[in-house]
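In what follows, a structure is listed as structure tokens, so that the remarks can point back to it.
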Amino acid sequence: MFLKKFLLFGLMAAVLPALAEEAADRKTATSLKYVTHELDTRQDKFSAEANKAMEYTNSAGDVQKRAVTSELGTSTSDTSLPMVGGVNTKLATKQDDIAPVNDHTAVTYTGQSGSIGQKGIYQTTESYVEQSDNLIDAKTFNAALKTGLDNEFKCRDYKPDTNLCWVYSIHNETEDNTLVPEGYTPLEYIQSDGSQMIDTGIDGFDPGDWEIYVKWMITGEPTGDYPYICGIYDGESYNTYRIILDHTSTAQYLVNGNSRAGGGSARVSAPANVIHEGTIHNGYVLFDGVRYNTPTQGMQGGTTSVNRTIGLFGFVASTPKIVGRMYAAYAKQDGVMKYNYIPARRDSDNKVGMWDTVSRTFKTNSANGNDFAPGPVVQNNVYIPQNQ
């Protein structure tokens with residue numbers, strides 16, 4: 001008991017001076033300067049705010065509020081502070097970066113969420129065997145299909161009044177399966193600068209049912225009047241098969257289907273720098289699929305001389321004038337192919353011309369000008385023959 005009393009007395013002895021000092025301070029006067037100084041070093045009490053964070057500002061004693069959120073919204077102007085949980089929840093819905101492979105590999109879905117696969121896209125410069133399960137784009141497939149048809153099949157029947165083949169037969173094993181023979185490189189087109197033409201050597205246009213096809217593009221202004229895309233000429237009073245430009249125009253044509261050269265033409269409008277196709281028949285011309293009947297206004301002329309031959313980008317004894325490209329040409333008489341031209345380059349001397357699959361000869365410039373210029377090489381290596 002004595003010990004407890006002693007401790008209590010000691011505690012009171014310690015507290016009483018402190019209370020006395022505090023009471024004295026309350027009664028002690030001070031200066032306004034001291035009070036102002038002390039207040040300036042103190043921050044106002046923060047208000048009670050739920051889900052808010054404080055941010056410093058550029059002013060001492062001044063803070064601002066920032067909302068704290070546990071969910072990420074879609075606003076791009078929201079300034080609230082996300083919590084780690086909200087960020088992780090959103091990240092869980094995102095896909096990891098896709099690792100780089102190359103520019104010809106497609107990304108594919110899999111059966112597992114967040115997992116991806118890949119599929120190669122066929123490249124004509126690489127091995128077919130190693131790419132046999134790859135995807136293929138439409139351009140490459142179309143080129144392969146055309147090459148396959150050209151190499152594996154022969155056209156046996158064309159749709160009437162068109163150059164569209166609708167009946168094919170398969171090549172025999174002993175037949176050649178190439179566009180051009182070894183030693184020649186197929187081209188997309190050959191280019192003329194106005195001083196080149198090809199004499200086909202094919203004549204005899206009075207009798208029979210003729211079909212003369214040509215595919216071309218005008219790329220510049222002709223070097224003279226009435227340049228020939230394809231045709232023959234025996235004088236203004238004689239019949240002709242032809243497609244020519246009107247004077248030096250690059251977009252106006254005159255066409256004749258065994259009609260008088262002078263006044264017996266049909267007029268056609270077609271722009272330059274665009275590929276066009278024409279098929280000349282006895283009595284009409286198909287130009288880009290549109291039929292133009294000739295002769296016009298009953299203009300029938302005399303019979304074409306038997307020895308007049310058909311020319312491409314000019315006619316025999318004329319000066320070439322066409323600035324443009326030749327993509328393909330053929331002629332039939334009574335359904336029999338007379339010539340079938342494929343643009344090509346002879347590898348031995350880089351001579352440019354047209355390979356004739358009928359006569360198995362190479363036709364080059366027959367005028368006194370420079371050689372034809374080559375177009376791009378036809379890419380055939382995508383094509384894989386049967387059973388290989």
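- If you take CG on Asn134 and OH on Tyr122, they are separated by 8.5 Å, rounding to the nearest 0.5 Å.
- Within the 4.5 Å cutoff, no side-chain heavy atoms of Val323 are placed close to those of Glu221.
- Counting only heavy atoms from C-beta outward, the side chains of Trp355 and Pro343 never approach each other to under 4.5 Å.
- Screening residues 240-252 for salt bridge (Lys or Arg N to Asp or Glu O under 4.0 Å), with sequence neighbours left out, gives Asp246-Arg267.
- A distance of 7.0 Å separates CD in Gln131 from NE2 in His104, rounded to the nearest 0.5 Å.
- Separation of atoms CD1 (Ile190) and CG (Leu312) is listed at 8.0 Å; rounding is to 0.5 Å.
- By the criterion of side-chain heavy atoms lying less than 4.5 angstrom apart, applied directly or through intervening Ile, Leu, Val, Met, Phe, Trp or Tyr residues, Ile229 is grouped together with Tyr339 in one hydrophobic cluster.
- Between the CD1 atom in Ile280 and the OG1 atom in Thr240 there is a gap of 8.0 Å [rounded to 0.5 Å].
- The side-chain heavy atoms of Arg308 and Asp203, taken from C-beta on, include no pair separated by under 4.5 Å.
- Here the two rings, on Phe287 and Trp216, have centers that are under 6.0 Å apart.
- For the atom pair OH of Tyr226 and CD1 of Ile244, the computed distance is 7.0 Å after rounding to the nearest 0.5 Å.
- Applying the side-chain hydrogen bond (donor to acceptor under 3.5 Å, both in side chains) test to Asp349 and every residue at least two apart in sequence or in another chain returns Arg346.
- The closest side-chain heavy-atom distance from Asn239 to Asn256 is not below 4.5 Å.
- With sequence neighbours left out, Thr250 forms a side-chain hydrogen bond (donor to acceptor under 3.5 Å, both in side chains) with no residue at all.
- Contact annotation: the side chain of Ile275 approaches that of Tyr327 to within less than 4.5 Å [non-hydrogen atoms, C-beta and beyond].
- Counting heavy atoms from C-beta outward, Asn370 and Gln196 have side chains that approach closer than 4.5 Å.
- The ring pair (Phe, Tyr, Trp, His ring centres under 6.0 Å) with Tyr228 is formed by just one residue from the set Tyr241, Tyr253, Phe313, Phe315; it is Phe315.
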>> Working note: Asn273 + Thr219, criterion side chain to side chain contact (heavy atoms under 4.5 Å, CB included); need CA distance, chi angles, decisive distance, verdict.
In response: CA-CA 5 Å; Asn273 299 306; Thr219 59; 4.1 Å; yes
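- Distance check: Ile198 CD1 to Ile310 CD1 gives 12.0 Å after rounding to the nearest 0.5 Å.
- A 4.5 Å side-chain heavy-atom check between Leu187 and Phe372 finds every atom pair outside the cut-off.
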> Run the side chain to side chain contact (heavy atoms under 4.5 Å, CB included) check on Tyr330 and Lys338 step by step: do they pass?
Replying inline: CA-CA 7 Å; Tyr330 71 77; Lys338 306 298 287 186; over 6 Å; no
